[in-house]
Amino acid sequence: MSNLEIYKKTLQILKKHNQEQILSFWDELNSDQKDRLIGQIELLDFSKIKEWIENFVRNTPSALINTDFEPVSYYKSEPENSGLQGKYVNALELGKKLISQGKVAAFVVAGGQGTRLGFDGPKGNFPISPIRKKTLFQIFAENISATSSKYKTTCPWYIMTSPLNHEQTVEIFQSNNYYGLEKDNIFIFQQGTLPNFSTEGKILLAEKGEIACSPDGHGGCIEALYKSGAIEDMKNRGIEYISYWQVDNPLINIFDPLFIGLHALDEAEMSSKALIKTGPKEKLGNFCLVDGKVNIIEYSDLPDELAIKRNSDNALVFELGSIAIHIINRNFLEKFASKSVSLPLHRAVKNITHIDQNGHKTESQGIKLESFIFDAVPLASNSIVLETIRSEEFAPVKNATGVDSAKSAHQMMIDRAAKWLEYSGIEVPRKTDGSVDCTIEIAPSFALEKDDLKEKLPQIPPIKLKGTIYLE
Ligand code: UTP
């Protein structure tokens with residue numbers, strides 16, 4: 001077909017769907033740009049796009065007003081009574097066994113744009129550790145390596161990127177020699193993208209010959225795990241459980257035997273870790289029971305009267321916040337593919353750089369669509385929630401400054417190291433206000449958890465903490 005015929009045919013299709021603006025600058029494009037644009041247009045699924053525009057772009061989906069929300073019952077970080085003590089012991093043993101048997105894989109989602117942090121490059125390459133300035137990727141790699149040694153097994157690592165950062169991420173791993181891990185045990189794959197829309201429902205152009213797209217949300221991992229062959233790879237390795245976390249949390253305990261064990265003992269399909277929220281409006285997803293199923297409801301979707309509701313002991317009724325740490329059964333994800341179930345989309349109003357009708361680059365509010373992994377939780381036949389302690393496991397690096405920033409995460413890493421040392425009988429210098437008066441960093445190879453440290457300390461010369469201490 002000639003270029004003119006392609007243009008006419010494509011224009012006809014786009015007109016039918018009110019999206020002919022995509023070809024506004026056709027005459028200014030060279031033949032490569034034309035090919036690329038046509039390729040992008042061919043990938044658009046107009047039947048879905050029509051529905052998205054109707055339901056998410058032009059109209060805001062009606063807020064969830066479900067008065068049947070109930071609080072979720074959960075496992076406390078420590079067993080609540082002697083009856084449960086035995087279960088925790090069994091779960092811990094089972095979790096350790098599953099890790100040793102090589103049935104658990106690490107899976108980090110790292111395809112986000114990291115706009116709030118404003119760091120140049122993939123967020124996983126952000127230097128965060130207090131002394132050695134290890135990047136997030138390096139901390140995870142060392143954690144995985146230490147777990148493999150501790151449990152005498154191989155722990156494969158799956159990493160989801162997006163077209164925005166895939167090449168850079170692969171380069172970072174190559175140039176760091178995969179942080180000492182076997183290249184074959186690291187599987188880096190890309191998630192999909194979705195077009196960006198104007199508030200009127202027009203697909204936007206990033207360039208005159210390129211549709212504006214953004215990653216399809218962390219929920220896009222289900223499809224991407226499939227399409228990339230990661231699920232097949234897991235199957236070939238005998239992986240049954242996937243330990244999921246977000247790239248911006250340096251305190252993650254990737255292979256937590258208690259969590260894995262409780263999940264497996266209760267025959268759950270997708271489970272979650274939770275924190276007790278700092279207040280009714282903390283910006284974390286809320287765990288709620290809806291029609292008997294565990295759901296994670298976005299903080300903005302939980303009606304105020306429920307968010308502030310308290311029990312007689314003054315604790316919030318909906319006290320559990322989600323920190324995006326999950327165990328997901330590989331089998332459960334396979335069900336998605338076979339039943340072609342998909343996660344719902346969510347709209348986000350964002351400033352989007354695009355080409356306006358006069359061909360000028362401009363920024364204005366538009367709509368991005370994403371799916372969220374936590375929407376898979378209620379689809380699981382069973383799902384457990386395990387409480388974790390914030391200072392032990394959650395230090396998100398979201399913002400450049402202030403709350404949930406590199407600075408706060410950095411301090412939390414020092415504080416956790418100090419607590420582990422004190423737990424192990426080492427005196428940690430503290431200021432009069434109780435804050436730690438030295439800089440400590442513990443390499444994952446030295447201790448993955450506080451009990452590793454307690455066991456190790458009698459075997460090494462006494463430590464006197466002062467100034468800057470790196471333990472490896
Ligand atoms: P966030 O919601 O914090 O988004 O992602 P973000 O893109 O990292 O940062 P902002 O909002 O632009 O500042 C939570 C986790 O989900 C991953 C991110 O990489 C992070 O680990 N994510 C998010 C994806 O992998 N893909 C996406 O499309 C979105």
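No experiment lies behind these values; they were computed from the predicted model shown. Ligands are counted one by one from 1 in listed order, and the atoms in each one are counted from 1 as well.
Among protein heavy atoms, the minimum distance from atom 28 (O) of ligand 1 is reached at G217 N, 2.9 Å. Protein heavy atom at the shortest distance from atom 18 (C) of ligand 1 is G112 N, 3.6 Å. From the protein, the heavy atom lying nearest to atom 25 (O) of ligand 1 is G111 N, 2.7 Å. Taking atom 20 (C) of ligand 1 as the reference point, the nearest protein heavy-atom neighbour is V109 O, 3.8 Å. The protein non-hydrogen atom at the shortest distance from atom 6 (P) of ligand 1 is G114 N, 3.6 Å. In this structure, atom 12 (O) of ligand 1 lies nearest to the protein heavy atom T115 OG1, 2.3 Å.
In terms of N/O distances under 3.5 Å, ligand 1 is not approached by L117. Not a single N or O atom of E370, backbone or side chain, sits closer than 3.5 Å to an N or O atom of ligand 1. For the pair R116 and ligand 1, the shortest N or O to N or O distance falls below 3.5 Å.
The ligand atoms of ligand 1 that sit less than 4.0 angstrom from a heavy atom of P215 are 28 (O). Near K123, with a cut-off below 4.0 Å to any heavy atom, the atoms of ligand 1 are 8 (O). Numbered from 1 in the order shown, with element, the atoms of ligand 1 that lie under 4.0 Å from a heavy atom of M160 read 25 (O). Per-residue contacts place Q246 under 4.0 angstrom from the following atoms of ligand 1 (heavy atoms of the residue considered): 14 (C), 15 (C), 21 (O). Ligand-side atoms of ligand 1 in range of K398: 1 (P), 3 (O), 14 (C), range being under 4.0 angstrom from any heavy atom.
Using cut-offs of 30° and 60° for the angle between ring planes, the Y179 and F137 rings count as tilted. Aromatic ring orientation, W157 versus F140: perpendicular (interplanar angle above 60°, classes split at 30° and 60°). Ring planes of H17 and F46: parallel class, angle under 30° (limits at 30 and 60°). Using the six-membered ring where Trp is involved, F187 and F189 have ring planes that are perpendicular, over 60° apart on the 30 and 60° scheme.
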Is there a side-chain contact (heavy atoms from CB on, under 4.5 Å) between I373 and V109? Walk through the geometry before answering.
CA-CA 10 Å; I373 189 63; V109 286; over 6 Å; no

Begin with the C-alpha distance, continue with both residues' side-chain angles, and end with the deciding distance and a verdict on side-chain contact (heavy atoms from CB on, under 4.5 Å) for L262 and S271.
CA-CA 9 Å; L262 284 170; S271 296; over 6 Å; no

Apply salt bridge (charged side-chain N to carboxylate O under 4.0 Å, His left out) to E393 and K273, showing your working.
CA-CA 10 Å; E393 220 178 326; K273 277 199 179 164; 2.7 Å; yes

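In this structure a side-chain-to-backbone donor-acceptor pair under 3.5 Å is present from D452 to L448.
Remark: distances from the non-hydrogen atoms of A110 to ligand 1 include one below 4.0 Å.
Closest to atom 7 (O) of ligand 1 by heavy atom, among H218, Q113, Q191, K350, is Q113.
Here the two rings, on F255 and F259, have centers that are 6.0 Å apart or farther.
Under the 4.0 Å criterion applied to side-chain N and carboxylate O atoms, D404 and R116 are not assigned as salt-bridge partners.
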